[in-house]
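Structure first, then comments.
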Amino acid sequence: MNRKKHKLTFRRAFLLFLAALILVLASFFLASLFLHVQEYTIQARVLAPMRIVHLSDLHNAQFGDHNRILVEAVKRQRPDLIVMSGDMLNRDEENTGIITSLIADLADIAPVFYGYGNHEKTWERRFRRDLRPVLEAAGAVVVDNDYTDLELAGTEVRIGGYMGFYPVPKMTTLNPAQQEAELAFIQDFENTERLKLLINHIPTGMIDWRYADDNLVDLVFSGHYHGGVMRIPILDQGLYAPYVGWFPPFTKGVFTGKQATCVLSAGLGSEYHIPRLNNPPEIVVVDLVPICR
């Protein structure tokens, strides 16, 4: 009789544990469906405060009809600038309607600067089309191995775009002419006294290879790591990142080197619909404030 009671007690305890585990996992999954606004305040060479909204890795996800929920969330932030750091579409989906509709709506809020990710590059090769005029017609300023100078909130700014392992072009192309062109862009981009904002999709060079200590860039906006895809509860540790492997040290947040500061977004969507467990889609808001003297 005691043995039967023991078995029943163990079974009940196991079922309670299993139910609790399922409940916790379900709560993490459901939380990952709702937009999270992540705010950072960074001192920079600005004359007056400047607010930047950073969006990354949408992967054609939609938050409400025509991304209305996402657009309204960005609008509430009242940004001076909106940057998109790549992989906003999927490389195997030819229809660009989701991202062009989003750009058109966001361009009514603030200037939109779009840097390429690896999916945009692959999309162009796969469908043999130039994506830049499509994005520009929707209202974005595309920066891909080039830059634009402008004045923003009273500060002279240079905004550039670079997809790969800044500043090591040989990691993403074997073409010597392309490598030379990318190195020329890097040298030209950094050769200014303006505030330098770089949209650099792949953060590996800046944060994992520590080029934030070496390159004369003020602020870098990156994505690609998807916040580690899934985040381990309590530890708040990302599970995996490309080129780095399992349990990477850096998957989202702000990382400051001797020269540059990198803002790494956890992104909005997920490639191949991989679930973002305990990893909500993220709108990053960066408030740049004058350096305290």
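All values derive from a computational prediction rather than experimental measurement.
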Salt bridge (Lys or Arg N to Asp or Glu O under 4.0 Å) against R76, all qualifying residues, sequence neighbours excluded:
none
Are V134 and R129 packed together at the side-chain level, in the sense that at least one heavy-atom pair is separated by less than 4.5 angstrom?
yes
Check side chain to side chain contact (heavy atoms under 4.5 Å, CB included) between E124 and all other residues, then give those that pass, not counting sequence neighbours.
Y116, D130, L131
Under the side-chain hydrogen bond (donor to acceptor under 3.5 Å, both in side chains) test, residues paired with S101 that sit two or more places apart:
none
For residues 218-231, which residue pairs pass the salt bridge (Lys or Arg N to Asp or Glu O under 4.0 Å) check, not counting sequence neighbours?
R45-D218, R231-D236
Other than I52, what residues sit in its cluster of Ile, Leu, Val, Met, Phe, Trp and Tyr side chains whose heavy atoms are under 4.5 Å apart, directly or through others?
Y40, I42, V46, M50, L81, V83, F113, V141, V143, L150, L152, V157, I159, L195, L197, I199, L219, F221, V254, V263, V284, V286, L288
Note: D57 and H224 closest approach over all heavy atoms is OD2-N, 2.9 Å
Taking atom CD of E193 as the centre, report whether more than 12 heavy atoms of other residues, nucleotides or ligands fall under 6.0 Å from it.
no
According to salt bridge (Lys or Arg N to Asp or Glu O under 4.0 Å), does anything in residues 154-165 pair up with another residue at least two apart or in another chain? List the pairs.
D149-R158, E156-R194
For T41, check side chain to side chain contact (heavy atoms under 4.5 Å, CB included) against everything at least two apart and list the hits.
D287, V289
Heavy-atom closest contact (L216 atom, E190 atom, distance)
N-OE1, 3.5 Å
Quick check: closest heavy atoms across E271 and H226, and the distance to 0.1 Å?
N-CE1, 3.9 Å
Does either side chain, that of N175 or that of Q178, offer a donor lying less than 3.5 Å from an acceptor on the other one?
no
Counting heavy atoms not belonging to E180, are there more than 12 under 6.0 Å from its CD?
no
If we only count heavy atoms from C-beta on, is the N67 to L58 side-chain gap below 4.5 Å?
yes
For L174, I'd like to know if atom CG has over 12 heavy atoms of other residues, nucleotides or ligands within 6.0 Å.
no
All side chain to side chain contact (heavy atoms under 4.5 Å, CB included) counterparts of P167, not counting sequence neighbours:
I186, Y211, N215
Can you label the angle between the W209 ring and the F165 ring as parallel, tilted or perpendicular, going by 30° and 60°?
parallel
Quick test of your reading: applying ring pair (Phe, Tyr, Trp, His ring centres under 6.0 Å), list the pairs with at least one residue in residues 253-272, sequence neighbours left out, ordered by first then second residue.
F250-F255
Suppose the criterion is ring pair (Phe, Tyr, Trp, His ring centres under 6.0 Å): which pairs have a residue in residues 127-147, not counting sequence neighbours?
W123-F127
Contacts of type salt bridge (Lys or Arg N to Asp or Glu O under 4.0 Å), residue D80, not counting sequence neighbours
none
Tell me, do S265 and L55 make a side-chain contact under 4.5 Å, heavy atoms counted?
no
Write out all pairs satisfying ring pair (Phe, Tyr, Trp, His ring centres under 6.0 Å) with one or both partners inside residues 64-107, taking only residues at least two apart or from two chains.
none
